[in-house]
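What follows is one structure encoded as structure tokens, with my remarks underneath.
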Amino acid sequence: MNTELVIGGIAVAPGESRQIDLPVVHLYTGTGMAIPVYVQRGKKPGPTIFVCAALHGDELNGIEIVSRLIGSRGLKSLRGTLIAVPVVNVYGVLEQSRYLPDRRDLNRSFPGSAKGSLAARMAHVFLQEIVSKCDYGIDLHTGAEHRSNLPQIRANLDDEKTNAMARAFGVPVLLNSTLRDGSLRQAAADLGTCILLYEAGEALRFDELSIRAGVKGIMNVLRHLDMLPQGRGKRVVEPFAARSSGWLRATDSGIVKHRKALGDHVIRGELLATITNLYGQEINRVVCNTDGIIIGRQTIPLVQEGEAMYHIAYFHEPHEVAENLEILQDSLLPDANF
């Protein structure tokens with residue numbers, strides 16, 4: 001492990017922990033803005049990993065995940081270095097918005113530029129000061145506004161090291177996801193950093209199950225990387241990888257009455273929801289077009305024709321995936337539903 005780690009001009013030595021304000025572009029008023037960064041370095045050598053949240057400013061679950069991670073007593077035996085960033089898009093969090101003030105998506109602005117747009121400058125700072133100094137990374141996300149996601153890992157499962165990390169995380173659903181130009185995952189991969197994307201919950205909400213699964217998953221990854229001692233043997237959640245997924249869209253506009261929930265195993269031809277008019281009269285039905293597991297779902301009871309309603313992942317063993325989702329649920333939050 002390199003004994004010198006400098007972030008934002010501040011050096012952190014092995015065995016130290018520091019809270020660092022990483023400066024970014026000022027507000028109109030001249031008020032300084034900074035990305036909050038927590039660094040904890042073990043006394044013994046090991047890899048360097050970053051965990052970041054709120055790349056989209058309305059995705060709040062990750063903030064609580066990082067907060068609980070930082071406060072975990074288990075980190076006292078850390079090997080290597082943990083860089084935890086509870087909020088990347090500070091502007092978006094202030095406005096409760098997915099985007100930056102320039103209406104750009106920060107997660108489509110990497111690798112960025114020191115002389116580009118606001119989004120490009122922030123992406124550049126984060127990539128240079130945080131990601132470029134790490135061997136591994138975990139990027140925390142939620143579904144968009146009015147959509148909730150089942151706890152899942154999205155990653156390049158064709159990469160052996162990334163696949164092993166994804167399986168170690170310990171959620172049943174893994175989704176093989178191609179890299180998108182301009183995304184943090186793409187930029188990290190270009191630097192040789194293995195990265196996972198954790199999706200769980202809904203924008204502008206805290207979801208306790210998703211938060212607990214996220215904290216537990218990160219700790220599992222730290223153990224997998226030998227950054228923490230191995231824990232006592234517990235019932236392992238077997239992950240299943242989906243190579244493809246798709247959204248079912250509304251067949252009409254109206255009021256939605258959902259019949260299925262996140263994590264449900266559904267089969268071709270099964271009724272997922274009915275759509276009624278304002279008088280309660282059924283005007284259409286949403287029917288499943290294939291076997292799979294619901295990993296994302298609309299939460300608002302209003303729908304426009306063509307709007308995405310159910311995100312279904314396709315597995316060879318959907319029954320087994322559903323069973324392991326129940327195991328995860330029972331281990332994290334008894335008597336709770338996804």
Side-chain angles (χ1 to χ4, degrees), residues 7-10 19-39 50-67 70 83-134 137-149 154 179-188 190-191 195 197-207 210 299-300 304 307-308:
I7 296 177
I10 297 176
Q19 294 179 15
I20 299 171
D21 291 330
L22 186 59
V24 288
V25 180
H26 287 64
L27 296 176
Y28 299 122
T29 58
T31 303
M33 293 291 286
I35 298 173
V37 179
Y38 174 82
V39 182
F50 76 86
V51 179
C52 70
L55 205 63
H56 294 131
D58 61 353
E59 298 183 359
L60 307 182
N61 262 345
I63 298 176
E64 180 64 11
I65 290 173
V66 172
S67 175
I70 291 171
I83 303 175
V85 185
V87 174
V88 180
N89 183 357
V90 288
Y91 302 93
V93 171
L94 286 173
E95 294 295 323
Q96 299 178 22
S97 168
R98 179 181 180 89
Y99 304 105
L100 287 162
D102 60 2
R103 296 300 302 165
R104 285 181 168 87
D105 185 333
L106 183 57
N107 205 27
R108 297 293 180 270
S109 302
F110 288 91
S113 166
K115 297 182 179 180
S117 65
L118 169 61
R121 293 176 189 224
M122 285 192 69
H124 175 76
V125 168
F126 189 71
L127 198 65
Q128 296 303 313
E129 292 287 346
I130 305 295
V131 181
S132 67
K133 299 169 183 178
C134 295
I138 301 176
D139 184 18
L140 307 175
H141 286 262
T142 74
E145 193 171 2
H146 303 317
R147 289 192 180 90
S148 186
N149 282 335
R154 299 182 184 181
L179 298 172
R180 291 190 176 185
D181 290 341
S183 69
L184 172 59
R185 280 208 305 136
Q186 176 70 69
D190 289 344
L191 292 174
I195 184 169
L197 191 153
Y198 175 63
E199 281 273 5
E202 180 182 359
L204 298 175
R205 300 285 186 273
F206 274 2
D207 177 76
S210 298
T299 58
I300 190 172
Q304 197 74 31
E307 189 172 354

Rounded to the nearest 0.5 Å, what's the gap from [atom1] on [X] to [atom2] on [Y]? Could you check?
X      : Y      : atom1 : atom2 : answer
Glu199 : Ser148 : CD    : OG    : 10.0 Å
Tyr99  : Asn89  : OH    : CG    : 11.5 Å
Asn149 : Glu202 : CG    : CD    : 9.5 Å
Glu145 : Ser97  : CD    : OG    : 9.0 Å
Ser117 : Leu100 : OG    : CG    : 8.0 Å
Phe206 : Thr142 : CZ    : OG1   : 11.0 Å

**Asked** In terms of heavy-atom contacts, does CD of Glu95 have more than 12 from other residues, nucleotides or ligands at under 6.0 Å?
**Response**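 Not buried by this count: 12 neighbours or fewer within 6.0 Å.
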**Asked** Around atom CZ of Arg180, are there more than 12 heavy atoms of other residues, nucleotides or ligands at under 6.0 Å?
**Response** no
Has the side chain of [X] got a donor or acceptor atom that lies under 3.5 Å from a matching backbone atom of [Y]?
X      : Y      : answer
Tyr198 : Ser210 : yes
Asn107 : Leu184 : yes
Glu307 : Gln304 : yes
Asn61  : Asp207 : yes
Thr299 : His146 : yes
Glu129 : Gly8   : yes

Distance-only check: which donor-acceptor pairs under 3.5 Å involve side-chain atoms of residues 50-57, not counting sequence neighbours?
{"unit_1": "His56", "atom_1": "ND1", "unit_2": "Glu59", "atom_2": "OE2", "d": "3.1"}
{"unit_1": "His56", "atom_1": "NE2", "unit_2": "Asp105", "atom_2": "OD1", "d": "2.9"}
{"unit_1": "His56", "atom_1": "NE2", "unit_2": "Asp105", "atom_2": "OD2", "d": "3.3"}

Heavy atoms only: give me the nearest [X]-[Y] pair and the separation to one decimal.
X      : Y      : result
Leu179 : Arg185 : CD2-NH1, 3.5 Å
Ala119 : Arg104 : CB-CB, 3.7 Å
Ala123 : Ser109 : CB-O, 3.5 Å
Ser132 : Leu191 : CA-CD1, 3.9 Å
Leu127 : Ala187 : CD1-CB, 3.8 Å

Side-chain heavy-atom pair [X], [Y] within 4.5 angstrom cut-off:
X      : Y      : value
Ser183 : Arg108 : yes
Asp190 : Phe110 : no
Tyr91  : Leu106 : no

Using a 3.5 Å cut-off and no angle test, enumerate the donor-acceptor pairs between side-chain atoms of residues 19-37 and protein atoms at least two apart in sequence or in another chain.
{"unit_1": "Thr29", "atom_1": "OG1", "unit_2": "Thr31", "atom_2": "N", "d": "3.4"}
{"unit_1": "Thr29", "atom_1": "OG1", "unit_2": "Thr31", "atom_2": "OG1", "d": "2.8"}

